[in-house]
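Heavy-atom basis, side chains included; hydrogens, waters and symmetry copies ignored. Atoms within a ligand are numbered from 1 in the order they appear, just like the ligands themselves.
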Amino acid sequence: MAAEGARHLLFQSHMATKTTCISSQVSDDEQRQQKRENVRSLAMGGHVGFESLPDQLVNRSIQQGFCFNILCVGETGIGKSTLIDTLFNTNFEDHESSHFYPHVKLKAQTYELQESNVRLKLTIVNTVGFGDQINKEESYQPIVDYIDAQFEAYLQEELKIKRSLCTYHDSRVHVCLYFISPTGHSLKTLDLLTMKSLDSKVNIIPVIAKADAISKSELHKFKIKLMSELVSNGVQIYQFPTDDETIAKINASMNGHLPFAVVGSMDEVKVGNKMVKARQYPWGVVQVENENHCDFVKLREMLICTNMEDLREQTHTRHYELYRRCKLEEMGLTDVGPENKPLSLQETYEAKRHEFYGELQRKEEEMKQMFVQRVKEKEAILKEAERELQAKFEHLKRVHQEERMKLEEKRRLLEEEIIAFSKKKATSEIYQNQTFMASGSNLRKDKDRKNSNFM
Ligand code: GDP
């Protein structure tokens, strides 16, 4: 943030002779308000010393160091790592990616670089496995999620009571280098979809990768085709700013060269009596830094030397601001009240708290009602069950009574039968005894008769 301040103050230093300094960043509304406040310009009698403010800021920024985060989006093997190595003239030792990842993964790596006394904390984010899946529909979602996650982390730091934004490692993506295959045809649907879903979140600089694979005339037509496709599909790519007159001309001309056709290589080849970065083929040498061969130098100039600070600033003032606004609105925070009256954070908080408690009470009441209703329903169900049980009980009681009466009747009949039987038995016993006795006396008579016959 100190560097942003430095930029503003450098602008202000042009105006140092005037005592009124109006920031280049203030909006039209603010400017109008400032005019209304009638700020007076005064001439000073002599040197005061605040003209050294820009120097103070530059010194502080140099002490703190800078950070820059690049997101490389493109298919595996399209030349992302090679181009980044070539851009920063170092070997970031990124390992070769496999083509067989089931999902797109984002791999971020941070490096500390130093050029003269300027320290740069550089984060390279690579899209591993991009475009390798059969179903490419969801390829861009992990990229969107990653960018949002970095905004969210920054927002959370900003919202903390104890903030440490000076030492905070800002991981928000400042630029997305979008690598387009040198097909010479048109953009792939995946490219359009991805760029469309990223353009409101990050500064996109499209590049035609491996530009040595396409002829000069084809490249010219390809660039025109790509730009017209981007425009017709409403994809907003980053435009180099033309508001600063010191760089307006070069930036305007570079905007006309987009998308840059790049070649990457860390190999050194002898051309004439000089060693240059190049790709050597049996038929010749493609020099990376030769503007007749490719746009690598244009990209490096625009990305690193001229517009790095603008990319950082755009990220903060445009993309992050949009994310922050949506997020805070989602949380219910607002700058104005119902009648468009400005609201302080305290008032918004109170209104929100009131609304929240109202909602809570409403929910509580709703739950109470629901509870009473449920209890009533349950009570009715239980009563019905009780009634059914009672009916069942009565029925069983009746059946039982009937059964008992039937059994009583059976018992009575059985007892009568037993009595009748006992009577019959007694009669038959008497009869048997009589018969027996009669037969005994008859036998005796026969015996006596037989005996008298013998004598
Ligand atoms: P990444 O997977 O996208 O990071 O791709 P790499 O940077 O690992 O490059 C994959 C292959 O492409 C390597 O063999 C590189 O040498 C080659 N390569 C990189 N840049 C270029 C280029 O500009 N032109 C050509 N023809 N090949 C390149």
- Query: Any nitrogen or oxygen of G79, main chain or side chain, under 3.5 Å from a nitrogen or oxygen of ligand 1?
  - Reply: yes

- Query: Any idea which atoms of ligand 1 are less than 4.0 Å away from a heavy-atom of V263?
  - Reply: 23 (O)

- Message: For ligand 1, which is the ligand I care about here, please tell me if K80 has any N or O atom under 3.5 Å from one of the ligand's N or O atoms.
- Response: yes

- Note on the structure: Closest heavy-atom pair, L113 versus F88, reported as atoms and distance to 0.1 Å, is CD1-CD2, 3.8 Å

- Message: For atom 8 (O) of ligand 1, tell me which residue out of S81, A209, C72 has the closest non-hydrogen atom.
- Response: S81

- Report the distance from atom OG1 of T82 to atom CE of M266, rounding to the nearest 0.5 Å. 9.5 Å

- Residue pair Q390 / E386, side-chain donor-acceptor N/O under 3.5 Å: no

- Ignoring hydrogens, just give me the one of R279, M266, K210 whose non-hydrogen atom is nearest atom 16 (O) of ligand 1. R279

- Message: At under 4.0 Å between heavy atoms, is it the side chain or the backbone of D212 that contacts ligand 1, or both, or neither?
- Response: side chain

- Item | Among G77, G74, A213, S265, closest by any non-hydrogen atom to atom 2 (O) of ligand 1 | G77

- Message: To check you understand the geometry: which heavy-atom pair defines the closest contact between L165 and E157, and what is its length?
- Response: CD2-CG, 3.7 Å

- Indicate yes or no: does an N/O atom of G264 lie under 3.5 Å from an N/O atom of ligand 1? yes

- Query: Taking the side chain as C-beta and beyond, is there a heavy-atom pair between E388 and K392 under 4.5 Å?
  - Reply: no

- Message: If I compare all heavy atoms of D191 with all of L187, which pair ends up nearest, and what's the gap?
- Response: CB-CD2, 3.8 Å

- Message: Once you restrict to heavy atoms under 4.0 Å, what part of E75 touches ligand 1? Side chain, backbone, both or neither.
- Response: backbone

- Query: Based purely on interatomic distance, does N126 place a nitrogen or oxygen under 3.5 Å from a nitrogen or oxygen of ligand 1?
  - Reply: no

- Query: Are E379 and K376 ion-paired here, with the side-chain N under 4.0 Å from a carboxylate O?
  - Reply: no

- Which is it for Y281 and ligand 1 at heavy atoms under 4.0 Å: side chain, backbone, both or neither? side chain

- Task: Measure from NZ or CZ of R324 to the centre of the six-membered ring of F151 and say whether it is under 6.0 Å with the direction within 45° of the ring axis.
- Result: no

